[in-house]
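A quick write-up on the structure given underneath.
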Amino acid sequence: MNFSSKLLEQAVLEFGRLPGVGQKTALRLVLHLLKQPEADVMRFTEALNRLKQEIRYCTTCHNISDHTICEICASHKRDKGLICVVEDTRDVMAIENTNQYHGVYHVLGGLISPMDGIGPSDLQIDSLVSRLEKGGIHEVILALSATMEGDTTIFYLYKKLKDFGIQISTIARGIAFGGELEYVDEVTLGRSIATRVPYERSIA
Ligand SMILES: [Zn+2]
């Protein structure tokens with residue numbers, strides 16, 4: 001692409017780095033922004049600046065948060081003895097949208113994937129074990145996607161957690177038709193959490 005302006009080229013290059021955005025789309029977005037009132041563009045850039053500088057990760061569950069303890073972990077209405085383990089914040093949002101889960105979460109930050117060089121130490125697994133060591137947990141739900149990485153991670157976590165003497169359950173594995181929790185509709189996801197099964201039974 002030949003650009004008539006270095007500034008234009010630079011902006012298109014940056015937008016083009018976003019996942020799923022090709023150069024043509026990047027150019028369209030940049031030209032669209034150029035046509036907007038300056039205040040609108042400022043609001044856009046300020047949101048991005050603040051996002052990176054001010055966002056926190058909950059020190060308990062590692063979900064993206066505005067504070068060091070997220071609203072879910074801080075809520076008195078939540079069952080702190082019930083932990084739902086998920087891959088990332090999109091899964092928390094999907095499960096919250098069902099309005100059927102009243103426990104807390106633990107966000108791993110990914111799944112074990114030897115192909116991508118992601119091992120257990122790259123994920124928030126030690127801190128999950130620490131939460132169990134502190135006591136007061138009666139059940140852990142492993143709500144990970146029905147992929148090879150999800151299965152590997154579930155099996156690893158099961159081995160790590162089984163000696164704590166708590167209930168370890170998984171959600172119905174057939175539900176994730178896209179392979180990702182976030183794509184499952186709310187009714188199906190809510191039902192699969194309500195009808196979760198003990199992990200031992202699900203591998204038998
Ligand atoms: Zn939290």
Side-chain angles (χ1 to χ4, degrees), residues 14 16-21 48-74 78 80-96 101 103-137 139-164 166-173 175-184 189 192-193 196 199-200 202-203:
E14 293 304 328
R17 288 188 213 275
L18 296 171
V21 178
L48 289 181
N49 277 330
R50 292 189 62 187
L51 177 74
K52 196 59 194 172
Q53 286 168 3
E54 297 176 26
I55 215 147
R56 302 281 173 269
Y57 291 87
C58 174
T59 51
T60 301
C61 73
H62 311 289
N63 193 19
I64 292 173
S65 168
D66 289 340
H67 310 284
T68 51
I69 298 290
C70 75
E71 284 181 14
I72 296 170
C73 287
R78 294 296 184 133
K80 305 282 161 57
L82 176 62
I83 298 179
C84 184
V85 178
V86 294
E87 178 180 349
D88 68 27
T89 200
R90 291 172 298 180
D91 302 322
V92 174
M93 291 165 76
I95 295 171
E96 284 300 288
Y101 178 69
V104 290
Y105 294 91
H106 193 88
V107 180
L108 293 176
L111 296 173
I112 296 172
S113 176
M115 294 271 279
D116 301 311
I118 302 170
S121 61
D122 299 310
L123 307 174
Q124 297 291 354
I125 291 177
D126 287 347
S127 64
L128 174 62
V129 173
S130 302
R131 287 177 80 178
L132 295 195
E133 282 169 350
K134 282 182 195 146
I137 311 295
E139 182 177 354
V140 170
I141 306 169
L142 304 174
L144 303 176
S145 58
T147 58
M148 201 162 72
E149 291 81 11
D151 286 339
T152 304
T153 309
I154 284 179
F155 188 60
Y156 181 87
L157 288 174
Y158 174 72
K159 284 194 294 178
K160 270 273 206 217
L161 308 180
K162 67 177 168 43
D163 293 333
F164 281 97
I166 52 164
Q167 174 87 271
I168 298 173
S169 30
T170 53
I171 59 170
R173 306 308 312 280
I175 56 130
F177 22 85
E180 308 275 353
L181 284 187
E182 55 175 319
Y183 297 132
V184 179
L189 182 57
S192 75
I193 290 170
R196 61 188 181 270
Y199 182 61
E200 293 100 312
S202 66
I203 51 174

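Nothing here was measured: the structure is a model prediction, and the numbers come from that model.
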Inset, instruction - Begin from the C-alpha positions of Y156 and I125 and carry the test side-chain contact (heavy atoms from CB on, under 4.5 Å) through to its verdict. - result: CA-CA 10 Å; Y156 181 87; I125 291 177; 3.9 Å; yes
Inset, instruction - Apply the test side-chain contact (heavy atoms from CB on, under 4.5 Å) to residues V107 and Q124: give CA-CA distance (whole Å), side-chain angles for both, the deciding distance (0.1 Å), then the verdict. - result: CA-CA 7 Å; V107 180; Q124 297 291 354; over 6 Å; no
Inset, instruction - Check the pair Y57 / I64 against side-chain contact (heavy atoms from CB on, under 4.5 Å), numbers first and verdict last. - result: CA-CA 5 Å; Y57 291 87; I64 292 173; 3.5 Å; yes
Inset, instruction - Before giving the answer on side-chain contact (heavy atoms from CB on, under 4.5 Å), spell out for I118 and L123 the whole-Å C-alpha distance, their side-chain angles and the decisive distance to 0.1 Å. - result: CA-CA 8 Å; I118 302 170; L123 307 174; 3.9 Å; yes
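Once rounded to the nearest 0.5 Å, the distance linking CG of D66 with SG of C58 reads 11.5 Å. Expressed to the nearest 0.5 Å, how far CD1 of I171 lies from CG of L189 amounts to 6.0 Å. Between the CD1 atom of I95 and the SG atom of C84 there is a distance of 4.0 Å, given to the nearest 0.5 Å. Interatomic distance, NE2 of H62 versus NE2 of H106, reported as 4.0 Å (0.5 Å rounding). Taking CG from L157 and CD1 from I168, the interatomic distance works out to 8.5 Å, rounded to the nearest 0.5 Å. Going from atom CG of L111 over to atom CG of D88 covers 8.5 Å, rounded to the nearest 0.5 Å.
Heavy atoms of other residues, nucleotides or ligands lying less than 6.0 angstrom from NZ of K80 number more than 12. No more than 12 heavy atoms of other residues, nucleotides or ligands sit less than 6.0 Å from atom CD of E71.
For the pair Y101 (side chain) and V104 (backbone), a donor-acceptor distance under 3.5 Å is present. When atom types are taken as modelled, the side chain of R56 and the backbone of E54 share a donor-acceptor pair closer than 3.5 angstrom. For the pair S65 (side chain) and T68 (backbone), a donor-acceptor distance under 3.5 Å is absent. Without hydrogens or angle criteria, R196 side chain to T170 main chain gives no donor-acceptor distance under 3.5 Å. The closest donor-acceptor contact from the side chain of T153 to the backbone of I112 lies under 3.5 Å.
Between Y105 and R131, the closest heavy-atom pair is O-NH1, 2.7 Å. Taking both residues in full, the closest heavy atoms of R78 and G103 are given as NH1-O, 2.8 Å, listed atom of the first, atom of the second, then distance.
Ring orientation note: the planes of Y158 and Y199 are tilted relative to one another, at an angle of 30° to 60°.
With L108 as reference, L144 is the one residue of D91, D122, L142, L144 to meet the side chain to side chain contact (heavy atoms under 4.5 Å, CB included) rule. Applying the side chain to side chain contact (heavy atoms under 4.5 Å, CB included) test between I137 and each of L128, L82, L161, I83 identifies I83 as the sole match.
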